[in-house]
Amino acid sequence: MQADCLIAAVQMASELGEIERNLDNIITLSRQAAQAGAQFIVFPEMALQGYHHSQAHELAVAFDSPPVEQLCSAAADLQITLLAGFAERSEDGLKPYI
């Protein structure tokens, strides 16, 4: 038997380069969606750093960086699947993963 699930799609304006502010907004909106029963919460591309193609390299963060760890912790605490886009710094540092 297949169970129903609730998916929340978030539309938000991320401030370019304002990782802490954007992170706070993502976590706040995730809490609200989880309280409303959402199990999957989907955010826009580059929600963490804000989107600008020419600055993705400068704003990229490592996968094990504190902001990404906070997203993982929030998802675990809320018992949700959180899809939040960010630019990840590549190991060679030449080109970010988006």
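What you see is a predicted model; the values in this text were computed from it and never measured. If you read the sequence from its start, that first residue is 1, and numbering goes on from there.
One finds the CG atom of Leu83 at 9.0 Å from the CD1 atom of Ile7 (value rounded to the nearest 0.5 Å). Between Glu20 atom CD and Asn25 atom CG the span is 11.5 Å, to the nearest 0.5 Å.
Residues Ile27 and Leu23 have side chains in contact (heavy-atom distance under 4.5 Å, counting atoms from C-beta outward). With contacts defined as side-chain heavy-atom distances shorter than 4.5 Å, the pair Gln49/Val61 qualifies. Side-chain contact between Leu78 and Arg31: present, with at least one pair of heavy atoms (C-beta onward) separated by less than 4.5 Å. Side-chain contact check for Ile26 versus Met12: some heavy-atom pair is nearer than 4.5 Å.
Between Ala34 and Ile80, the shortest heavy-atom distance links the atoms CB-CG2, 3.9 Å. The two residues Ser14 and Asn22 make their nearest non-hydrogen contact at CA-OD1, 3.5 Å. The shortest heavy-atom contact between Phe43 and Val10 is CE2-CG1, 3.5 Å. Here the shortest heavy-atom pairing between Leu6 and Ala36 reads CD2-O, 3.7 Å. For Leu59 against Gly17, the heavy-atom pair with the smallest separation is CD2-CA, 3.8 Å.
By the rule that hydrophobic residues join a cluster once side-chain heavy atoms approach within less than 4.5 Å of another member, Val68 and Ile41 end up as members of one cluster.
Pairs engaging residues 81-92 under the side-chain hydrogen bond (donor to acceptor under 3.5 Å, both in side chains) rule: Ser90-Asp92 [sequence neighbours left out].
The residue from Asp77, Leu71, Leu82 that alone fulfils the side-chain contact (heavy atoms from CB on, under 4.5 Å) condition with Ser30 is Leu82.
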